[in-house]
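Below is one structure, written out as structure tokens, with a few remarks after it.
As the structure is a prediction and not an experimental result, all values here were calculated from the model. Order of listing sets the numbers, starting from 1, for every ligand and every atom in it.
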Amino acid sequence: MDAAAEIVTVGPPTTSDRLSLARKVFLFFMVEGLPLLGLLYGVWLFLHEGIRWLDVGLFVGMYVATMTGIELGFHRYFAHRTFETTRPIRALLLILGSMAGQGSTLLWSGLHRWHHAHTDIPGDIHSPTLGRQGWWQRVRGFFWSQFLWYLDSPAVVLFARFMNRHRADPEIALSSPEDTQEFRIVRTMPDLVRDAWLVRLNQRYGLWVLLGLALPAVLGGLLTGSWEGAWRGLVWGGFVRFALVQQASFAVNSVTHTLGTQPLACRDDSRNNGVMAVLTLGAGWHNNHHTFPGSAFTDFRWYQVDISGLMLRALEKLGLAWDVRRPSPESIAARKRP
Ligand SMILES: [Zn+2]
Ligand SMILES: [Zn+2]
């Protein structure tokens with residue numbers, strides 16, 4: 001059913017090659033510290049000057065656009081290949097997902113395939129429950145998988161350099177006997193690294209992140225005809241949106257492997273969580289997703305709202321998406337817990 005799971009050949013990550021504490025602090029500051037400072041500034045601005053309709057519009061518009069890039073693009077298209085679509089839509093999903101600043105398309109997809117191949121068992125790079133006994137350990141595991149997990153995966157830092165070195169010769173990277181995390185991650189996605197067009201767009205990741213900040217600033221400036229409007233667009237559609245999309249996505253690792261229901265029989269700790277499903281445009285039906293990772297949709301009951309799935313249904317009706325993969329009602333019924 002799940003093509004991504006079938007091609008994963010990696011073992012658990014090695015424990016060697018840890019990052020030094022200084023590099024961890026720097027990385028945390030760059031990845032999460034700066035966005036959280038931007039969020040705090042947004043709160044300060046709200047308390048002192050309130051919020052305007054244009055601020056709300058730019059925040060919601062950029063949140064939905066970049067979360068769609070993550071959930072429909074990075075997750076359901078690139079990581080799981082649950083449907084096919086046109087090249088312009090692939091490019092749009094890649095750019096919107098990159099604007100979320102959660103790593104390049106290839107890094108995100110490789111790490112996610114790894115997560116599915118080792119969910120909540122040794123090797124999972126962000127399981128909140130793996131090896132955690134007792135409530136205190138569970139609480140620590142929860143916060144580690146929400147805020148800190150990537151600091152224990154050196155490949156997250158080194159992967160961009162690795163792809164630069166190997167983008168012209170993916171076969172060497174795929175067949176190399178080297179056992180570093182970078183080589184292991186690349187071996188989870190032969191289909192993606194052999195796609196030269198995708199690799200080229202992927203390597204412009206930094207440009208897409210900056211575009212995600214510039215776009216709401218330009219819109220805010222043009223719509224108000226002022227520098228102040230541009231600044232507010234940057235704050236609400238850029239900084240605040242960036243921080244909240246990032247934390248909502250990371251909460252799929254922590255919250256939906258800890259809190260929620262498990263209506264379907266699945267070997268891991270994944271849960272369905274309605275609040276997370278709204279915030280992540282459908283990823284929060286995580287027990288459904290882990291039970292059927294090859295499904296393009298996560299809504300298996302009438303009350304389960306899957307906004308990315310609704311967008312995909314619209315694309316399919318318009319003839320812009322095809323080979324959309326769905327589990328049969330019988331296979332879903334067969335996995336229901338008694
Ligand atoms: Zn998961
Ligand atoms: Zn997945």
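- Within the protein, the N, O or S atoms sitting under 2.8 Å from the Zn ion (ligand 2) are His75 NE2, His80 NE2, His112 NE2, His116 NE2, His289 NE2.
- Scored by the side-chain hydrogen bond (donor to acceptor under 3.5 Å, both in side chains) test, Gln246 finds no partners at all (sequence neighbours excluded).
- If you chain together ILVMFWY residues whose side-chain heavy atoms come under 4.5 Å of each other, Ile121 ends up in a group of its own.
- Linking Ile, Leu, Val, Met, Phe, Trp and Tyr whenever their side-chain heavy atoms come within less than 4.5 Å leaves Leu34 and Val25 in two separate clusters.
- The side chain to side chain contact (heavy atoms under 4.5 Å, CB included) check on Trp231 picks up Tyr41, Leu234, Val235, Phe239, with sequence neighbours excluded.
- Ionic pairing of Lys24 and Asp152 is present here: one or more N-O contacts between side-chain nitrogen and carboxylate oxygen are shorter than 4.0 angstrom.
- Of the listed residues (His118, His115, His116), just one forms a side chain to side chain donor-acceptor pair (under 3.5 Å) with Asp124, and that residue is His115.
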